[in-house]
There are 2 protein chains.
Amino acid sequence: MPELDGSLIAGLPLFSAMSKKELDFLLCRARSARYPKDLAIFEQDGNADAFFLLLDGHIRVVRLNEDGEQVIARYINPGELFGIAVAMGRATYPASAIAAVDCVALAWPNEAWPDLTARVPQFASGAYRTIGERLQETQDQVMQMSTEQVEQRVAHTLLRLVQQSGRKTAEGIEIDFPITRQDIAEMTGTTLHTVSRLLSAWEDMGLVRGGRQRVIVTDAHNLMLIAEHRRKR
Amino acid sequence: MPELDGSLIAGLPLFSAMSKKELDFLLCRARSARYPKDLAIFEQDGNADAFFLLLDGHIRVVRLNEDGEQVIARYINPGELFGIAVAMGRATYPASAIAAVDCVALAWPNEAWPDLTARVPQFASGAYRTIGERLQETQDQVMQMSTEQVEQRVAHTLLRLVQQSGRKTAEGIEIDFPITRQDIAEMTGTTLHTVSRLLSAWEDMGLVRGGRQRVIVTDAHNLMLIAEHRRKR
DNA sequence: TGCGCTCTTTGCGCCACCTCAAACAACAGA
DNA sequence: TCTGTTGTTTGAGGTGGCGCAAAGAGCGCA
């Protein structure tokens with residue numbers, strides 16, 4: 001398969017310091033697969049039997065509580081590892097992974113993990129660094145939810161999405177996958193109504209442009225002012 | 001040092017599967033230290049140069065944002081690893097660790113990490129499992145803050161504290177370290193006023209007993225009903 | 001081209017929780 | 001024992017954002 005010859009992958013930071021031999025070792029143990037939009041690549045509480053590297057597309061990581069209420073933990077972008085429960089000694093996935101658009105990913109069976117980490121230690125340390133970043137981001141989120149108003153949280157989230165998954169357009173930077181007001185609400189702990197109101201207000205101020213499942217940030221600078229705005233003090 | 005002969009430590013789940021030789025290898029590379037109440041064992045954004053195992057006491061893990069607002073990420077209990085930034089490839093600590101009472105902990109210099117993990121792989125996998133649990137707990141916290149009211153969040157937090165750090169007394173289960181209403185507020189994303197009001201109400205209902213920097217849960221069952229209470233549906 | 005579905009917008013009323021304020025209680029140190 | 005400090009309680013009032021409702025608007029599909 002031409003996608004697996006390494007040319008596509010060697011450019012990723014995770015693999016940049018690897019030799020050709022190490023790369024081959026990794027790649028020949030993975031299988032590449034297409035995941036159509038809306039497919040669950042794995043399910044929360046499902047048996048964790050593989051871990052993944054996203055090559056193309058965007059993935060929504062979703063947690064469901066016992067009442068069926070949904071929260072979006074994060075989006076995964078190309079080049080990122082996901083589903084690496086095995087690195088944390090977990091037997092099940094803590095969340096579901098849903099393809100936000102058509103995706104291509106590499107998948108390794110969990111049984112390959114010991115060999116992989118033994119033979120290619122950079123791969124293991126990359127995975128652990130990823131986990132560290134996720135923990136940090138999640139703790140940041142807790143802090144934001146504790147200390148910020150809804151308006152600031154939504155602004156921060158939009159800026160983060162645009163930074164991580166933005167695509168330059170003539171009008172500004174567009175979030176590169178379909179995202180609903182409801183999705184943004186589930187990332188920020190609010191309701192789609194409040195998100196819609198905020199986006200409408202910001203559109204009037206010329207900070208963003210919206211559409212059905214589309215958000216474009218046209219004035220990141222002033223949006224940042226809103227995100228950092230302090231009520232008191 | 002008598003504390004380091006292994007008898008105290010071999011009982012911990014992290015070390016239960018290790019041979020005497022492995023244990024000695026770990027322990028002779030650690031130094032044991034006392035940390036008096038209120039001392040910062042390490043500081044947020046400070047250079048991460050060591051990792052720790054709490055032997056006795058309780059530690060408050062605190063994050064500060066740029067406005068000086070404080071959030072308590074968690075409490076560390078005896079037997080737990082903490083400050084394991086090195087396992088995630090981090091150069092700095094993401095939070096501060098403050099002794100909530102007088103504490104005793106083992107400290108390893110970060111330079112020892114490669115040797116330790118190479119020679120005692122169970123130690124590494126224990127650390128990674130710990131990180132996985134922390135990530136899971138933090139994500140649970142985000143979900144709670146998104147979907148639950150303050151009342152439920154405080155009840156859940158109290159139950160968790162009592163479960164993790166509870167001490168049986170004649171009247172019920174007491175949280176085993178001094179904790180203020182302000183502390184509970186900083187764990188749940190509310191204000192000390194609201195926490196105080198809730199605790200007063202629960203005291204009237206006979207669910208808890210309070211005092212200065214003290215909380216005793218006298219009726220965990222009914223407190224759990226409050227924690228799981230659903231407004232709608 | 002029209003129908004139905006999903007997503008979005010907007011208005012209105014309300015209440016959970018925050019803010020501000022003040023008094024009270026427990027403890028530590030002189 | 002007194003006094004300052006830190007933690008707790010409680011009241012009163014205001015509001016941010018939620019719940020509910022209903023009307024648009026874009027898109028896929030027949």
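In what follows, every chain begins at residue 1, and chains take the letters A, B, ... in the order their sequences are listed.
- Taking each heavy atom of B:P78 and B:G57 in turn, the nearest pair found is CD-O, 3.2 Å.
- Direction change of the helix axis from one end of the helix from C:dT1-D:dA30 to C:dA30-D:dT1 to the other is 40°, with five pairs defining each end axis (rounded to 10°).
- For the pair A:M88/B:R129, no side-chain contact is recorded, criterion being any heavy-atom separation below 4.5 Å from C-beta on.
- Between the CD atom of A:E148 and the C1' atom of C:dC18 there is a distance of 17 Å, given to the nearest Å.
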Quick one, A:D56 with A:V101, criterion side-chain contact (heavy atoms from CB on, under 4.5 Å). Give me CA distance, side-chain angles, the key distance, then yes/no. CA-CA 9 Å; A:D56 188 53; A:V101 296; over 6 Å; no
Just by protein heavy atoms under 4.0 Å, how would nucleotides 3-12 of chain C read 5' to 3' in B, S and -? ---BSBBBBB
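- Between the CD1 atom of A:I184 and the C1' atom of D:dG17 there is a distance of 17 Å, given to the nearest Å.
- B:F42 has its side chain out of reach of B:D49: every pair of non-hydrogen atoms, C-beta onward, lies at least 4.5 Å apart.
- Rounded to a whole Å, the NZ atom of B:K37 is 12 Å from the P atom of C:dC27.
- Put simply, the side chain of B:I59 does not reach to within 4.5 Å of the side chain of B:I98, judged on heavy atoms.
- Taking atom CG on B:D183 and atom P on D:dG7, their separation rounds to 8 Å, with Å as the unit.
- As a whole-Å value, the separation of A:Q152 CD from D:dG16 C1' is 12 Å.
- The aromatic rings of A:Y93 and A:F52 lie tilted to each other, with the angle between the two planes from 30° to 60°.
- With hydrogens and angles left out, the side-chain atoms of B:H229 and B:Q152 include no donor and acceptor closer than 3.5 Å.
- Summarising the geometry, the separation between CD on A:E151 and P on D:dT15 is reported as 16 Å, rounded to the nearest angstrom.
- The pair A:R63-A:E69 fails the salt-bridge criterion, with no side-chain N (NZ, NE, NH1 or NH2) lying under 4.0 Å from an Asp/Glu carboxylate O.
- Between the CG atom of B:D204 and the C1' atom of D:dT9 there is a distance of 12 Å, rounded to whole Å.
- By the 4.0 Å N-to-carboxylate-O rule, A:R167 lies close enough to A:E174 to be salt-bridged with it.
- Side-chain nitrogen and oxygen atoms of A:T191 include none within less than 4.0 Å of the OP1 or OP2 phosphate oxygen of D:dG19.
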